Amino acid sequence: MKQLVLFASGSGSNVENIFQYFKNDSNVNIQCVLTNNKDAKVIERCQRLKIPVLYFNRMAFSKTEIVLNTLKAFNPDLIVLAGFLWKIPESFVHAFPNKIINIHPALLPKYGGKGMYGAHVHHAVKENNETETGITIHYVNEYYDDGAIIHQAKTTLTVEDTPNSIAEKVHSLEYEFFPKVIADILLK
Ligand code: GRF
């Protein structure tokens, strides 16, 4: 059985989507969801879906090795960042080489890097009158949004699109492709 650990900082719609995709798959188990935000809606989702969830603060994440040691204890086959806003420490990347992936709501390398998350991304895409946007699923290294790209998917935009409609189009790509890419990596 392949073991999966997810990180999330916010709503957790991707966490729920990934859970639903694998819930009847006896080959994949979501061990735990880890969050750095004690008010994150993802916690409520995990309680409803009966997924173990752990909250951690900066002390546990990057000032000590508590979260790193917790991950080592889980020994996951894959660590998935599903809307996680903190940069991953180098120690995590070295401990889990090519085992940490992230989804970014734009076509990297455009619209990536520190501060480019959520609505900030869609506002920038709109401001620049882009005719397309999409998602990027990539391996995580010690820099924001910089690791090897695994998969990208695109959607076209029109002048009528707003940051909210762009977000909806991007979310639908995330829900379609993220679980499939995870399955490809885990079960290849
Ligand atoms: C998604 O848009 C994802 O691309 C980005 O963070 C957002 C998370 O949304 N990394 P949710 O918390 O899964 O609803």
Side-chain angles (χ1 to χ4, degrees), residues 4-23 30 32-49 51-56 61 78-89 92-93 99-127 130 132-155 157 161-185:
L4 207 47
V5 169
L6 307 173
F7 280 79
S9 301
S11 166
S13 68
N14 275 280
V15 164
E16 178 151 5
N17 183 58
I18 291 163
F19 170 83
Q20 298 296 356
Y21 186 91
F22 289 111
K23 71 180 174 186
I30 296 176
C32 188
V33 171
L34 296 164
T35 185
N36 63 327
N37 176 0
K38 60 186 177 314
D39 302 318
K41 187 156 175 264
V42 69
I43 295 175
E44 292 157 33
R45 289 184 197 263
C46 289
Q47 283 160 338
R48 171 166 47 85
L49 300 170
I51 305 169
V53 57
L54 285 175
Y55 160 72
F56 57 84
F61 182 69
L78 193 64
I79 297 167
V80 176
L81 309 186
F84 184 66
L85 298 185
W86 287 355
K87 191 156 60 75
I88 300 301
F92 287 48
V93 177
K99 283 194 173 179
I100 311 175
I101 67 171
N102 180 48
I103 189 165
H104 185 73
L107 297 170
L108 293 176
K110 295 176 79 173
Y111 305 106
K114 189 170 172 56
M116 288 307 279
Y117 60 89
H120 300 290
V121 176
H122 308 313
H123 275 282
V125 165
K126 177 67 186 172
E127 286 300 303
E130 297 286 357
E132 65 177 14
T133 189
I135 59 168
T136 303
I137 299 167
H138 63 94
Y139 285 104
V140 168
N141 60 23
E142 55 270 38
Y143 307 105
Y144 275 115
D145 303 326
D146 183 58
I149 291 177
I150 302 165
H151 184 75
Q152 291 190 306
K154 297 181 179 179
T155 183
L157 301 178
D161 271 303
T162 64
N164 282 343
S165 67
I166 294 171
E168 280 171 26
K169 288 182 175 180
V170 169
H171 269 311
S172 58
L173 289 177
E174 294 169 347
Y175 303 152
E176 180 183 354
F177 289 102
F178 206 9
K180 285 178 185 157
V181 167
I182 292 167
D184 285 350
I185 294 170

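Just so we're clear, the structure is a prediction, and the values are computed from it rather than from any experiment. All ligand and atom numbering here is 1-based and tracks the order in the structure.
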Tell me whether [X] has any N or O atom under 3.5 angstrom from an N or O of ligand 1.
X	value
Val15	no
His104	no
Ser13	yes

Can you tell me which residue and heavy atom of the protein come closest to [atom], and the distance to 0.1 Å?
atom	result
atom 9 (O) of ligand 1	His171 CE1, 3.6 Å
atom 2 (O) of ligand 1	Glu174 OE2, 2.8 Å
atom 7 (C) of ligand 1	Gly83 CA, 4.1 Å
atom 12 (O) of ligand 1	Gly12 N, 2.7 Å
atom 10 (N) of ligand 1	Ile103 O, 2.8 Å

Q | Glu16 to ligand 1, any heavy atom closer than 4.0 Å | A |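 Heavy atoms of Glu16 never come under 4.0 Å of ligand 1.
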Q: For residues Phe19 and Cys46, determine if any side-chain heavy atom of one lies less than 4.5 Å from a side-chain heavy atom of the other.
A: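 No, side chains not in contact.
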Q: Can you label the angle between the Phe84 ring and the Trp86 ring as parallel, tilted or perpendicular, going by 30° and 60°?
A: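 Ring orientation, 0 to 90° scale: perpendicular.
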Q.
Test of understanding: with side-chain hydrogen bond (donor to acceptor under 3.5 Å, both in side chains), list the residues that count as partners of Tyr111, not counting sequence neighbours.
A.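 With neighbours one apart ignored, the set is Asn128, Glu130.
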Q: Would you mind listing every salt bridge (charged side-chain N to carboxylate O under 4.0 Å, His left out) that reaches into residues 6-22, with sequence neighbours excluded?
A: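 Listed by first then second residue: Glu16-Arg45, Glu16-Arg48.
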Q.
Taking the ring of Phe61 and the ring of Phe92, is the distance between their centroids below 6.0 Å?
A.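 Ring centroids of Phe92 and Phe61 are less than 6.0 Å from each other.
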Q: Please identify which atoms of ligand 1 are closer than 4.0 Å to at least one heavy atom of Ser11.
A: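 Those of ligand 1 that fall under 4.0 Å from Ser11 are 12 (O), 14 (O).
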